[in-house]
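Throughout, numbering of the chain's residues begins at 1 and tracks the sequence.
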Amino acid sequence: MAEVSLQNVSKIYDGGVKAVNNISLDIKDREFMVLVGPSGCGKSTTLRMIAGLEEISAGTIRIGQRVVNNVPPKDRDIAMVFQNYALYPHKTVYENLAFGLRLRKFPKADIDRRVKEAADILGIHEYLDRKPKALSGGQRQRVAVGRAIVRKPEVFLFDEPLSNLDAKMRVQMRTEISKLHTRLETTMIYVTHDQTEAMTMGDRICVMKDGLIQQCDTPLNIYDNPVNVFVAGFIGTPPMNIFHGELLDVDGVLKFHSNSISIPLPEEWRKSVSSYIGKKIIFGVRPEDIGSERAENTGNCPILHARIEVMEPMGAETYLYLDVGADTSCIARIDAHRTTRVGEVLDLAVLMSKAHLFDADTELRII
């Protein structure tokens with residue numbers, strides 16, 4: 001079994017800088033876990049502590065049933081794929097794949113079998129006699145993944161492996177890695193700053209910020225129910241629209257009110273938000289829930305008056321960058337075939353069943 005468990009793990013560098021601050025995380029056997037967050041959030045440091053490349057300052061790390069705090073990297077039964085491929089330029093692809101096994105004194109026949117198995121899995125059999133310089137970026141990354149596969153480790157660790165590839169190759173490689181996870185049925189921990197990679201690849205996503213875990217859940221649960229404003233804004237492309245204002249009770253109707261918008265809120269929210277009446281609050285709604293066909297066809301949706309500043313046709317859909325007044329902007333994602341033009345003023349329905357309220361002080365989700 002290849003569960004990975006972090007209990008109260010911290011990493012404190014010289015000068016008291018806390019790169020990772022007392023995090024706990026249980027990764028299941030055969031799970032694909034993605035650690036995602038902005039630069040400096042602690043995700044790569046966390047991965048390197050699991051690998052044994054960084055010493056932990058506090059806490060416990062287990063791989064399977066074994067505490068590995070003081071176990072050297074080579075004895076942790078993990079394999080790591082790096083951002084920069086880390087291939088030996090003077091060795092052929094075959095020699096790069098075989099190198100780690102030779103160091104571990106594997107029999108020659110076993111090495112040959114494992115290398116060819118990995119090459120077949122990754123579609124690099126025809127490149128075995130080439131040097132890395134003769135390969136494309138995607139091919140080099142396949143070799144780096146192959147070098148991990150031949151080890152047959154309990155846990156695969158990926159540290160932003162696709163960040164050096166072009167956009168088309170990133171899409172192709174993330175599909176290949178997902179298929180590889182299904183085929184190998186091995187625990188994988190994947191670090192990225194790209195939330196699209198996280199959403200499309202992970203069984204679960206662990207969103208990090210400032211060395212802390214903000215939320216850990218399935219991609220869909222995080223998207224639909226972000227725990228706070230940071231997660232709401234970080235997960236999703238384009239990000240969730242965030243409006244700062246206050247909660248009012250106007251003639252018995254709950255309203256979110258700011259300098260630019262006033263939106264009636266569902267009466268069923270009253271019990272949950274009554275203590276916030278007269279206080280600062282944050283309203284959030286995703287771009288696809290403003291002016292969408294679904295919102296337009298739903299009765300009793302409040303209307304947002306907005307002027308189109310910029311249009312971004314994306315093929316199947318169009319992003320509208322909107323001015324809603326008082327130096328406030330937002331984004332709507334609408335059907336590409338809807339006729340609109342820059343400068344047009346629209347009345348856009350807001351799908352309240354998908355909207356959220358957040359506490360202005362703690363930024364935690366209320367609804």
Side-chain angles (χ1 to χ4, degrees), residues 2-6 9 20 23 25-54 61 63 68 73-74 76-87 96-97 100 118 121-124 132 135-167 169-208 213 216 219:
E3 301 101 335
V4 177
S5 176
L6 286 71
V9 171
V20 176
I23 68 169
L25 179 65
D26 290 319
I27 300 162
K28 303 169 188 173
D29 182 40
R30 303 180 184 181
E31 184 173 29
F32 197 125
M33 172 65 77
V34 179
L35 307 182
V36 65
S39 297
C41 71
K43 57 189 185 297
S44 288
T45 302
T46 300
L47 194 77
R48 290 174 64 83
M49 288 192 291
I50 295 170
L53 302 177
E54 292 273 4
I61 297 178
I63 298 177
V68 296
K74 65 182 180 65
R76 294 194 180 198
D77 202 9
I78 55 95
M80 191 159 179
V81 180
F82 295 92
Q83 175 181 343
N84 61 358
Y85 317 135
L87 302 177
N96 267 281
L97 295 176
I121 289 170
L122 294 166
I124 56 173
L135 304 177
S136 68
Q139 290 163 350
R140 291 180 195 179
Q141 194 55 276
R142 280 189 171 88
V143 176
V145 172
R147 193 170 53 185
I149 289 175
V150 298
R151 294 267 312 279
K152 296 185 178 179
E154 285 193 336
V155 182
F156 284 89
L157 307 177
F158 294 87
D159 190 8
E160 303 204 38
L162 309 185
S163 58
N164 288 337
L165 303 180
D166 61 52
M169 185 56 67
R170 280 202 303 272
V171 172
Q172 183 179 339
M173 280 302 300
R174 75 178 185 230
T175 302
E176 292 296 325
I177 292 173
S178 294
K179 291 195 308 191
L180 185 66
H181 175 250
T182 301
R183 179 167 181 171
L184 298 179
E185 296 185 329
T186 308
T187 306
M188 292 186 175
I189 307 173
Y190 188 103
V191 160
T192 181
H193 64 275
D194 185 336
Q195 54 90 18
T196 301
E197 282 182 25
M199 290 290 292
T200 55
M201 298 176 74
D203 295 326
R204 284 192 298 155
I205 302 173
C206 178
V207 184
M208 298 185 67
I213 294 174
C216 186

Test item: I63 and I78 side chains (from C-beta on) under 4.5 Å apart, heavy atoms
yes
Scanning both residues in full, the closest heavy-atom pair of A148 with P153 reads O-CD, 3.4 Å
pair I149-L180: side-chain heavy atoms closer than 4.5 Å:
yes
Between R142 and G123, is there a donor-acceptor pair closer than 3.5 Å when you use the side chain of the first and the backbone of the second?
no
Could you go step by step and tell me if R30 and M188 meet the side chain to side chain contact (heavy atoms under 4.5 Å, CB included) rule?
CA-CA 7 Å; R30 303 180 184 181; M188 292 186 175; over 6 Å; no
Would you say that D26 contacts E3 through its side chain, given a criterion of any heavy-atom pair below 4.5 Å between the two side chains?
no
Using only atom types and a distance under 3.5 Å, with no angle test, would you say the side chain of T186 pairs donor to acceptor with the backbone of L184?
yes
Locate the shortest heavy-atom distance separating P219 from A198; write the atom from each residue and the value.
CG-O, 4.4 Å
Dump the intermediate steps for side chain to side chain contact (heavy atoms under 4.5 Å, CB included) on I205 and V207, then the final yes or no.
CA-CA 6 Å; I205 302 173; V207 184; 3.9 Å; yes
Keeping the roles fixed (side chain from R140, backbone from L135), state whether a donor-acceptor pair exists under 3.5 Å.
yes
Is the shortest side-chain heavy-atom distance between V143 and P132 below 4.5 Å?
no
Min side-chain heavy-atom separation I177-M201 under 4.5 Å:
yes
If you look at every heavy atom in M173 and G138, which pair is closest and at what distance?
SD-O, 4.2 Å
Can you measure from CD (Q83) to CG (L162) and round to the nearest 0.5 angstrom?
10.0 Å
Euclidean distance, T175 OG1 relative to R170 CZ, rounded to 0.5 Å:
12.5 Å
Atom of T200, atom of R174 and distance for their closest heavy-atom approach:
OG1-NE, 3.4 Å
Restricting to non-hydrogen atoms, name the atom on G42 and the atom on V20 that form the minimum distance, rounded to 0.1 Å.
O-CG2, 3.6 Å
Could you check if a side-chain atom of V155 sits within less than 4.5 angstrom of a side-chain atom of V4, using non-hydrogen atoms only?
yes
Rounded to the nearest 0.5 Å, the CG atom of L6 sits from the CD1 atom of I50 at a distance of 4.5 Å
Taking Y85's backbone N and O only, do any of them form a donor-acceptor pair with R147's side chain (distance below 3.5 Å, no angle check)?
yes
Where the side chain of Q139 meets the backbone of I124, is there a donor-acceptor pair that is under 3.5 Å apart?
no
Aromatic rings Y190 and F158: how do their planes relate, parallel, tilted or perpendicular, breaks at 30° and 60°?
tilted
Kindly indicate whether the side chain of M33, heavy atoms from C-beta on, has any atom under 4.5 Å from the side chain of L25.
yes
Compare every heavy atom of P161 with every heavy atom of V191, then report the nearest pair and how far apart it is.
O-CD, 4.1 Å
Within this structure, what is the CD1-SG distance for the pair I27 and C216, rounded to the nearest 0.5 Å?
8.0 Å
Close side-chain approach of R204 to V34, heavy-atom, < 4.5 Å:
no
Counting distance only, does the side-chain N/O of K43 pair as donor-acceptor with the main-chain N or O of C206 below 3.5 Å?
no
Find the distance between CG (L53) and OG (S44) and round it off to the nearest 0.5 Å.
11.0 Å
Can any side-chain N or O of E31 pair as donor or acceptor with the backbone N or O of K28 at less than 3.5 Å?
yes
Output for pair (I61 CD1, R76 CZ), nearest 0.5 Å, gives 6.0 Å
Under the 3.5 angstrom rule, does the side chain of D29 hit a backbone N or O of A2 as a donor-acceptor pair?
yes
